[in-house]
Enquirer: 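Structure in structure tokens, see below.
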Amino acid sequence: MPSPVSPTIRPVVLSRIGQPTKLISPVKDQNLSVLERSKQLAAWTAVDQHVKPEHRVIGIGSGSTVPYVVERIVQLGAEPNQDRVFIPTGFQSKELIVSSGLNLGDVDQFPTIDVTLDGADEVDHELNCIKGGGACHLREKVLAEAANTFILVADFRKNVEYLGTNFTPGVPIEVVPFAYAKVLQNLHHILGSPNASLRMAVKKAGPVVSDNGNFIIDAPFDLEKMKTPYTIMAQIKMLTGVVEVGLFCNMAKAAYFGNEDGSVTIKWNDGRVEQVAAPQ
Ligand SMILES: O=C(CO)[C@H](O)[C@H](O)COP(=O)(O)O
């Protein structure tokens with residue numbers, strides 16, 4: 001069983017640990033479209049290469065690609081997973097972990113994670129990425145920072161030279177609710193994002209509320225600014241009322257992109273780019 005944060009704090013793992021239970025794949029239908037298959041290929045390849053037998057604490061990200069990560073982990077079987085704890089980045093991944101029969105933990109019990117696998121809205125040539133399309137980027141960044149290895153999984157549409165190429169809503173910014181108008185004003189008039197706007201819910205009147213009870217602003221920036229994402233991230237983060245910015249800079253070790261032809265492109269943080277065949 002993995003060590004908890006200190007010998008005096010006992011981890012409260014919500015699912016049972018140490019006993020093999022029947023695991024259930026979160027992916028039922030295998031009649032996948034080309035796009036869904038590309039997500040699956042990226043996820044499976046990343047799990048095969050980065051979830052090691054000795055790993056005990058694994059971070060599970062959010063979005064539509066991550067169910068395929070869990071699918072591959074479930075395929076490893078009950079035995080290797082019985083002594084592992086899986087840490088979610090939000091409501092969706094918590095449900096995914098629990099419904100698959102995997103052991104659930106939290107980052108306050110396990111602040112060091114062996115590997116975190118997560119999706120991305122877009123990834124640039126230096127592995128900087130936009131995250132937060134699903135409003136989970138605060139927890140996602142905590143789990144990325146807590147991980148010894150942070151791995152991105154995505155479909156071919158996310159593989160770009162510069163951020164903002166295909167993903168146009170802008171940089172997701174989590175803000176405390178009472179500060180949103182003031183942060184918007186700063187984004188419009190000081191940081192150069194005149195179209196920054198509060199993200200509105202679809203099946204609810206009013207704004208999207210994150211898993212942490214906060215609002216989300218989407219702030220588009222021009223290409224010149226997005227060429228140096230760390231600078232704009234630091235400027236946004238300095239605005240009082242901002243909780244976290246959905247720009248992840250210099251964090252990922254590798255990004256896996258599933259392609260339409262069934263291959264997977266792997267970009268490494270040392271600049272290497274590999275093309276591999278689909279896993280079976
Ligand atoms: O950052 C995220 C949620 O906040 C997701 O990881 C991101 O939106 C990618 O999702 P998908 O795999 O559905 O493309």
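Note that these values count all heavy atoms, side chains included, but never hydrogens, waters or copies made by symmetry. Counting starts at 1 for both ligands and their atoms, in listed order.
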Enquirer: Kindly assign one of parallel, tilted or perpendicular to the pair Trp268 and His50, based on the angle between their ring planes and the thresholds 30° and 60°.
Expert: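 Rings of Trp268 and His50: tilted, 30 to 60°.
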
Enquirer: Who are the residue neighbours of ligand 1 when the rule is a heavy atom under 4.0 Å from any of its atoms?
Expert: Ser62, Gly63, Ser64, Thr65, Asp118, Gly119, Ala120, Asp121, Lys131, Gly132, Gly133, Gly134, Ala135, Cys136, Glu140, Lys158

Enquirer: Tell me every residue that passes salt bridge (Lys or Arg N to Asp or Glu O under 4.0 Å) with Glu274, counting only those two or more places apart in sequence or in another chain.
Expert: Arg272

Enquirer: How does the hydrophobic cluster around Phe248 look, that is, which other residues are in it when side-chain heavy atoms under 4.5 Å mark a link?
Expert: Val123, Leu127, Phe150, Leu152, Met251, Phe257

Enquirer: For Lys253, is the NZ atom crowded, meaning more than 12 foreign heavy atoms sit under 6.0 Å from it?
Expert: no

Enquirer: Mind checking what makes side-chain hydrogen bond (donor to acceptor under 3.5 Å, both in side chains) contact with Asp218, not counting sequence neighbours?
Expert: Arg199

Enquirer: Do Leu187 and Ile190 sit in the same hydrophobic cluster, where Ile, Leu, Val, Met, Phe, Trp and Tyr count as joined when their side-chain heavy atoms come under 4.5 Å apart?
Expert: yes

